[in-house]
Amino acid sequence: MDIDLNQVSFIFFLVFAGIVVGASLAVILHKNPVVSAASLVLAFFGLAGVYAIMNAIFIATMQVLVYAGAIMVLVIFVVMLLSLREETHLEIWKNPLKQAMIVLFVLVFLGIIISAVNYSSDIPKLPPQNGTSQPDYAYNLGQKEGLPLVAKGNTATVGAATFLEYLLPFELVSVLLLAAVIGAVVIAKRDKLRNL
Amino acid sequence: MDWNLILVWAIKSGLLFFIIITGCAYYTLAERKVAGFIQDRKGPNRAGPFGLLQPLADGIKFLTKEEVFPIHVNKVMYLIAPAIAVSCAIMAWSVIPFGGTLTLPSSLAQVVGFDKLDLQVANPDTGILFLLAISSLAVYGVILAGWSSNNKYSLMGGIRSTAQMISYELPLGLSIVTVILLAGSLKLREISEAQKGLWFVFTLPGFIAFCTFSVAMFAETNRLPFDLAEAESELVVGFHTEYGAFKFALFFIAEYMNMITMSCVVSLLFFGGFNVPFGIGEGTPYEGLIGLGVFTLKVLFFAFGFMWVRWTLPRFRYDQLMQIGWKKLIPWSLVNIVIAATYVVYWGKYWKGLFN
């Protein structure tokens, strides 16, 4: 007996999308900042699950490794050190003007989402893949000594595309990040630098 | 996709879970026995022959103890933290290959419908990265436990542990990068198969990577000499001070599971994994089983190494810990990546030629 993989992945999509939506709501609605940050980790995790369903295993792993594993640890680290008593009050709900603004914003946002869902039904759907759990991703590198060079597999494809086709944007981004790191050090050490 | 494949996955996962839990239970007994041997005493020997039923007695004790909830804790996070710790520890096992491919006997093959069985639950394209990602999540268990306990010693332990794990993830990752350069793949199975003939630990970049990896490994598992998150004498066991009964047992199990995972990873990355030395039994139908046995032996050796180090070395001071991490290990690993690159491109083939 065969199982329709598209059916299974749809169920998993619903599960992970539910986790993402629920956790994102918890991020903004929960009173306690540490719980909010932990929910954000859960949201990233659910997003990684959605990537994995789309067969982008590399992106899914990176999502967990970089966002959930590295960045959020620092965020929680900082939040943990804040004094919690003052942060937990929800001042925003006491002001009727702000309340009205929030309700208006939510309504507009919901309207946009509903209209987007209505319009998007015209977009042609991709043909379903033939029941394999991992289609072979491939990136054509060109020719070497008369033989075609192909990078096979998820990671190799991402690597080949990054370092061959988009090398210049990649290097520019890394220079930008380096500038940001140096800037952060300069700002953090400003007083000491002045004293020198 | 057929039902029999899914059934095999389910059986593999269930069996793996059973093996890990039992392995952890006996690892705790082994730890106490080895501690006894090193300190020249007997260790637990009352429950069953040679104390072999001690883990069972411990388990029953943990399960039947009263579940205490201190009133000042954050309930939700207090309960979630041990669950995070233990589920991260279990998830890491899903990508570890315990051996090559088993060839099933023909009578069994007719029942299940295929004759090759991989001794691995999942083989994703990102193998070792997946392991790193999961182990980077494990820190949440410790942070949230420390924070939710609402106790200054626990918070201190949590903060120390976070800083330590963030710092040592870098040398850990960088030494894995070296191995990836040498093997040319992220899949743990292919990394292991690339070491056929010459284990990575016997190459210069592989050896340096092994040294940095093994130091970072102890820090990542929060074991002595880097167990500053617990530090009984200063922090009253740190992040799990407020935990009792089965919630404490979960942290305990997670720690031992992480140690076994790291033993598996170090034998896969540097010591040839399930490759049998000198190609013994190659091509016979028992190749998979011999590989499994050899891998188990290697893992047991490194698991013993964890205990050996614990009862031999004293704990580092906190500033020493940070200095080793940032000023020694990271520069060494960075230099090592350059060495590995030159090894792969220029002199690797001559070095390999010396051994074959």
**Student:** Please classify the contact of B/Ile159 with chain A as side chain, backbone, both or neither, using a heavy-atom distance under 4.5 Å.
**Tutor:**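 Contact with chain A: backbone and side chain both.
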**Student:** Give, as side chain, backbone, both or neither, the part of B/Ile80 having an atom under 4.5 angstrom from any heavy atom of chain A.
**Tutor:**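 Neither part, no heavy atoms under 4.5 Å.
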**Student:** Tabulate below the donor-acceptor pairs under 3.5 Å that side-chain atoms of residues 58-70 of chain A make, not counting sequence neighbours, or state none.
**Tutor:**
from    : atom 1 : to       : atom 2 : distance (Å)
A/Thr61 : OG1    : A/Ile57  : O      : 2.7
A/Thr61 : OG1    : B/Thr126 : OG1    : 3.0

**Student:** Taking everything shown except A/Phe13 itself, do over 12 heavy atoms lie less than 6.0 Å from its CZ?
**Tutor:** no
**Student:** Evaluate whether atom CZ of A/Phe12 has more than 12 neighbouring non-hydrogen atoms of other residues, nucleotides or ligands under 6.0 angstrom away.
**Tutor:** no
**Student:** For A/Ala38, is it the side chain, the backbone, both or neither that has a heavy atom under 4.5 Å from a heavy atom of chain B?
**Tutor:**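 Just its side chain gets close to chain B.
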**Student:** How many angstroms lie between atom CE of A/Met72 and atom CD1 of B/Ile143, to the nearest 0.5 angstrom?
**Tutor:**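 Taking CE in A/Met72 and CD1 in B/Ile143, the distance rounds to 9.5 Å.
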**Student:** With sequence neighbours left out, write down each residue that passes side-chain contact (heavy atoms from CB on, under 4.5 Å) with B/Ala89, or none if nothing qualifies.
**Tutor:** B/Ala254, B/Met257, B/Asn258
